[in-house]
Amino acid sequence: MSVHVRVQAEPFDVGVETARLSVLSSHTGGVGVFVGQVRGGHGLLAMTLEHYPGMTEAALNTLAQEAIARFELTGCTLIHRIGRLQVGAGIVFVGAAAPHRGAALTATSFLIDRLKTGAPFWKREEYANGRTQWVDARETDEDAARAWLLKNP
Amino acid sequence: MSVHVRVQAEPFDVGVETARLSVLSSHTGGVGVFVGQVRGGHGLLAMTLEHYPGMTEAALNTLAQEAIARFELTGCTLIHRIGRLQVGAGIVFVGAAAPHRGAALTATSFLIDRLKTGAPFWKREEYANGRTQWVDARETDEDAARAWLLKNP
Amino acid sequence: MADRVTVLFFAALREQIGQDSLSVAIPAGGVSVQVLREQIEKADPAIAQAFAEQPRLRVAVNQTLVTFEQMVNPGDEVAFFPPMTGG
Amino acid sequence: MADRVTVLFFAALREQIGQDSLSVAIPAGGVSVQVLREQIEKADPAIAQAFAEQPRLRVAVNQTLVTFEQMVNPGDEVAFFPPMTGG
């Protein structure tokens with residue numbers, strides 16, 4: 001069982017990170033991955049990701065441990081970028097490896113749903129007209145995180 | 001809207017394929033990926049993937065079009081390998097890009113669940129003791145594929 | 001020369017039957033998959049046995065999955081195979 | 001020197017308040033987060049206003065999310081921030 005958590009300004013390499021999960025165990029039958037990226041539109045240029053150093057890493061590790069307790073995994077990875085990210089740039093890499101595809105994909109959904117509102121990151125948007133704006137937490141994101149409390153596993 | 005389907009003997013490159021999905025549209029906010037690989041255990045050495053040339057590509061394209069009709073996607077990719085694959089080797093790459101993470105991840109699950117029993121591939125296992133055996137279709141895989149008939153979307 | 005269809009076998013069926021394709025004469029007006037199936041079972045005991053051992057036999061006509069009621073016409077490609085196990 | 005806690009602000013709160021940290025004197029026996037909150041609101045109208053404009057204020061003590069009933073002791077790190085928006 002292997003947990004890999006990182007917070008970094010640099011881009012992540014999806015190929016390298018997925019391969020890290022694939023080779024963890026010969027009993028791995030599938031790897032689920034989600035890559036979040038800066039979605040353009042309405043004149044958005046970039047986002048700046050602020051975080052709470054120390055608490056961020058702790059929250060991501062806690063989340064990973066929850067996934068491992070809940071799903072039959074061979075490992076999982078959470079990588080979150082910080083700093084200024086332009087439209088199209090990768091923000092977050094979430095991955096889960098498991099003997100069976102169901103656990104890999106459900107754990108991937110669990111990790112990204114929980115990460116959205118459960119780790120201390122905040123996004124400030126920057127528009128072409130010069131306006132900047134902190135992103136409001138979406139009710140739908142909080143609902144998605146809460147829904148996992150009722151699911152099994 | 002972009003569909004990318006391939007059947008090939010060569011390995012696929014997860015980084016390249018995920019990047020292909022990421023750059024399809026500036027409105028993409030997330031990419032879901034599933035990589036299936038040969039799971040070891042019980043002395044398994046390798047699998048040989050047989051397929052029905054022509055029908056395979058048609059079935060994968062039909063599946064991709066179903067995903068596009070069903071989910072709000074910016075694109076999806078299905079790559080399936082054929083021939084002899086050793087334990088740990090990638091068998092299948094499924095990916096879906098979407099403005100929102102829910103559609104990307106649900107479409108990824110849909111595509112792999114349907115592909116398992118809906119495209120003409122067959123697996124023959126090869127064990128260390130020399131025994132070979134065709135893999136039986138699992139009831140749980142057929143149930144997973146059928147369950148999508150009742151889901152919305 | 002009679003009107004013919006091409007019949008293909010895949011995976012375990014192909015191995016049990018010992019060949020991957022047949023050319024089969026059918027009536028010009030076509031037959032159902034079921035009738036074609038019975039015809040080739042009668043012609044080759046190896047086919048009859050392989051089909052009998054495969055309770056979930058699948059069939060495709062011209063590379064589309066169909067039921068055994070589907071009509072087959074001269075020139076069609078008919079494939080028999082076990083349940084698919086991709087991914 | 002009195003017993004103190006470090007208070008941190010993040011994101012929109014940090015910008016509105018105009019600073020990212022404070023050192024605040026508290027009783028040696030500790031106080032609840034709620035009492036600490038009222039104390040710093042009284043001391044700085046910018047804090048009072050920023051908190052008032054944030055109906056879903058979150059708080060962490062020693063880097064763990066807690067409720068406003070949580071006790072805070074000298075030496076603790078207390079962070080106030082808006083709902084988290086990662087991913």
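Predicted model, so just to flag it, every value in this text is computed and none were measured. Letters A, B, ... are given to chains in the order of the sequence lines, protein chains preceding strands, and every chain is numbered from 1.
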Practice task
Could you give me the CA-CA distance, side-chain angles and deciding distance for D/F81 and A/M55, then say whether side chain to side chain contact (heavy atoms under 4.5 Å, CB included) is met?
Solution key: CA-CA 13 Å; D/F81 43 80; A/M55 180 170 170; 4.2 Å; yes
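Atom CH2 of residue A/W134 and atom CD of residue D/Q54 lie 12.0 Å apart, to the nearest 0.5 angstrom. Rounded to the nearest 0.5 Å, atoms CZ (D/R56) and CD (A/E139) are 5.0 Å apart. In this structure, D/M84 CE and A/E50 CD are separated by 13.5 Å, a value rounded to the nearest 0.5 Å.
The environment of A/E72 atom CD is sparse: at most 12 non-hydrogen atoms of other residues, nucleotides or ligands sit within 6.0 angstrom. By the 6.0 Å contact criterion, CD on D/Q49 is open, its count of non-hydrogen atoms from other residues, nucleotides or ligands being 12 or less. Heavy-atom contacts from other residues, nucleotides or ligands closer than 6.0 Å to CD of A/Q86 number 12 or fewer.
Looking at D/A60, only its side chain comes within 4.5 Å of chain A, counting heavy atoms on both sides. Using a 4.5 Å cut-off between heavy atoms, D/L65 touches chain A through backbone and side chain atoms alike. Of the two parts of A/W122, the backbone and the side chain both hold a non-hydrogen atom closer than 4.5 Å to a non-hydrogen atom of chain D. In this structure, the portion of A/E142 lying under 4.5 Å from any heavy atom of chain D is its side chain and not its backbone.
Across every non-hydrogen atom of A/P53 and D/F10, the tightest pair is CD-CE2, 4.5 Å. The two residues A/D136 and D/T85 have their closest heavy-atom pair at C-CG2, 3.9 Å.
Between chain D and the options A/L115, A/L49, A/T117, the largest number of non-hydrogen pairs under 4.5 Å is found for A/T117.
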